[in-house]
Amino acid sequence: MQEIKDREQLHHFLQAHQLEATFGEQLLPHLSLFCFDHEELICSQGQSSKYLYFLVQGKIKIYTTSKDGKTLILTFKTSLDVVGDIEYVQDIDIINTVEAVSTVYMIGIHHQWLNKYGKDHSPLLQFLLKIIARKFLKNSNALSFNILHPVEVRLASYLLSVSYDDSEYLIKGQRKTISLKDTTNLIGTSYRHLNRVVQQFCAKGLIERKNGGILVKNKDGLRALASQNIYE
């Protein structure tokens, strides 16, 4: 994580997402702009929550980990979205792990300033209410999708999400090799079953196995197979 000490760039993101009125005059001086690199953790499940983050550019991956170490993907998000809202409102530790899929820019504000200036600021409270309500609905749908959709759809959706950012360009301009083992855990299936589906995808020219991982070759083909990306 790197803090970007450029108020003009911060102001640009505030204007682009029409957030100035949401924060108000008292909170604006206490905002910080942070940059996270591809695959960098933004926050980890179980950590103490100190910041409320507003995703203003890039894509993030959100997943949960069980006590026995198994992980399950919940959703992918692009701007504009919020990380740490439920934790702030409930005053609890981080619920899920959040990881940058592309280079990510976040506007962050420490809880001490939210507690001092934000609790009675109606535009911010209304914004958080809408975000939290939408988040619960999407997370509920995501868990249902993992149960109801076949592995073919889950794999195609996952590969689309981790291989391409919200601008439709390959991350960092390169084709990305994706870990087969990590994919097995994240989409909730067995290695044997996933391996059979990967072989089918390879035969169709959608992907290629390379160095023990998966290389995306045909984005349009994956999109057609997924019909709609169930993780976004």
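As a basis for the values below, the full set of heavy atoms in this structure was taken, side chains included, without hydrogen atoms, waters or symmetry mates.
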Note to self: Run the side chain to side chain contact (heavy atoms under 4.5 Å, CB included) test on Thr75 and Lys77 for me, step by step, so that the C-alpha distance in whole Å, both residues' side-chain angles and the decisive distance to 0.1 Å come before the verdict.
What the structure shows: CA-CA 7 Å; Thr75 187; Lys77 294 182 180 292; 3.9 Å; yes

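- Taking 4.5 Å as the limit, every side-chain heavy atom of Gln26 sits out of range of all side-chain heavy atoms of Trp113.
- The salt bridge (charged side-chain N to carboxylate O under 4.0 Å, His left out) contacts involving residues 91-112 comprise Lys61-Glu99, where partners must be two or more places apart or lie in separate chains.
- Taking hydrophobic clusters as Ile, Leu, Val, Met, Phe, Trp and Tyr residues chained together by side-chain heavy-atom distances below 4.5 Å, Ile214 shares a cluster with Phe76.
- With rounding to the nearest 0.5 Å, the separation of CD1 in Ile107 from CG in Leu55 is 10.0 Å.
- Under the 4.5 Å side-chain criterion, counting only non-hydrogen atoms from C-beta, Gln45 is not in contact with Ile95.
- Of the possible polar contacts, one joining the Gln47 side chain to the Ser44 backbone as a donor-acceptor pair under 3.5 Å is found.
- Heavy atoms only, all atoms of each residue included: Thr184 and Thr189 are closest at CG2-O, 3.0 Å.
- Taking each heavy atom of Ala226 and Leu160 in turn, the nearest pair found is CB-CD1, 4.4 Å.
- Residue pairs meeting the salt bridge (charged side-chain N to carboxylate O under 4.0 Å, His left out) criterion with at least one partner in residues 7-26, sequence neighbours excluded, do not occur; the list is empty.
- Legend: residues meeting salt bridge (charged side-chain N to carboxylate O under 4.0 Å, His left out) with Glu87, ordered by chain and number and at least two apart, are absent.
- With His38 contributing its side chain and Val101 its backbone, the two residues share a donor-acceptor pair below 3.5 Å.
- Contacts classified as salt bridge (charged side-chain N to carboxylate O under 4.0 Å, His left out) and involving residues 108-117 (residues at least two apart or in different chains) are not found.
- Between Leu125 and Gly118, the closest heavy-atom pair is CD2-O, 3.9 Å.
- The salt bridge (charged side-chain N to carboxylate O under 4.0 Å, His left out) test applied to Asp85 returns Lys135, not counting sequence neighbours.
- With sequence neighbours left out, the ring pair (Phe, Tyr, Trp, His ring centres under 6.0 Å) criterion links Tyr51 to Phe34, Tyr53, His110.
- In this structure, the ring pair (Phe, Tyr, Trp, His ring centres under 6.0 Å) partners of His111, at least two apart in sequence or on a different chain, are Tyr88.
- Inter-residue side-chain proximity for Val56 and Leu14 is flagged as unmet; no heavy-atom pair is nearer than 4.5 Å.
- Remark: Cys35 pairs with Ile4, Thr103, Tyr105 by the side chain to side chain contact (heavy atoms under 4.5 Å, CB included) rule, at least two apart or across chains.
- Heavy-atom neighbours of Gln18 CD from other residues, nucleotides or ligands within 6.0 Å: at or below the threshold of 12.
- Considering only residues two or more places apart in sequence or on other chains, Asp120 meets the salt bridge (charged side-chain N to carboxylate O under 4.0 Å, His left out) condition with none of them.
- A salt bridge does not link Arg154 with Glu152: every distance from a Lys NZ or Arg NE/NH1/NH2 to an Asp or Glu carboxylate oxygen is 4.0 Å or more.
- With contacts defined as side-chain heavy-atom distances shorter than 4.5 Å, the pair Leu33/Asp6 does not qualify.
- A search for salt bridge (charged side-chain N to carboxylate O under 4.0 Å, His left out) contacts involving Lys67 returns nothing, not counting sequence neighbours.
- Atom CZ of Arg223 is separated from atom NZ of Lys219 by 5.0 Å, given to the nearest 0.5 angstrom.
- Note that the CG atom of Leu159 and the CG atom of Asn218 stand 11.5 Å from one another [nearest 0.5 Å].
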Next item on the list: I would like to know whether His30 and Tyr117 meet side chain to side chain contact (heavy atoms under 4.5 Å, CB included); could you show each step before the answer?
Entry: CA-CA 10 Å; His30 303 289; Tyr117 298 120; 3.6 Å; yes

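- Taking CD1 from Ile132 and CZ from Phe127, the interatomic distance works out to 10.5 Å, rounded to the nearest 0.5 Å.
- When all heavy atoms of Leu31 and Leu10 are compared, the pair lying nearest together is O-CD2, 3.8 Å.
- One distance of note links CZ of Arg134 with CG of Leu129; it measures 12.0 Å at 0.5 Å rounding.
- Checking side-chain atoms of Thr71 against main-chain N and O of Thr65 turns up no donor-acceptor pair under 3.5 Å.
- Using a distance-only test at 3.5 Å, with no hydrogens or angles considered, a donor-acceptor pair links the side chain of His121 to the main chain of Thr22.
- Ile60 contributes atom CD1, which lies 10.0 Å from atom OG of Ser79 (distance to the nearest 0.5 angstrom).
- Hydrophobic cluster membership differs between Ile94 and Ile131, with clusters built from Ile, Leu, Val, Met, Phe, Trp and Tyr side chains linked at under 4.5 angstrom.
- Here the side chains of Leu19 and Phe13 are not in contact, with every heavy-atom distance at 4.5 Å or above.
- Across all their heavy atoms, Ile187 and Leu72 have their closest contact at C-CD1, 4.1 Å.
- Under the rule for a ring pair (Phe, Tyr, Trp, His ring centres under 6.0 Å), the partners of Phe23 that lie at least two apart in sequence or sit in another chain are Phe54.
- Judged purely by atom type and a 3.5 angstrom limit, Gln200 has no side-chain atom pairing as donor or acceptor with the backbone of Val197.
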Notebook entry, point to check: Can you list the steps and then say if Met106 with Val83 is a side chain to side chain contact (heavy atoms under 4.5 Å, CB included)?
Noted result: CA-CA 9 Å; Met106 295 267 201; Val83 172; 3.8 Å; yes

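- Taking the side chain as every heavy atom from C-beta outward, Leu74 and Thr64 approach each other to under 4.5 Å.
- Under the 4.5 Å side-chain heavy-atom criterion for Ile, Leu, Val, Met, Phe, Trp and Tyr, Leu52 and Ile92 are members of the same hydrophobic cluster.
- Looking at heavy atoms from C-beta onward, Leu206 lies in side-chain contact with Leu225 at the 4.5 angstrom threshold.
- With sequence neighbours excluded, no residue satisfies side chain to side chain donor-acceptor pair (under 3.5 Å) with Ser48.
- Two residues are said to be in side-chain contact when any heavy atoms from C-beta on lie closer than 4.5 Å; Ile62 and Ile73 fail this criterion.
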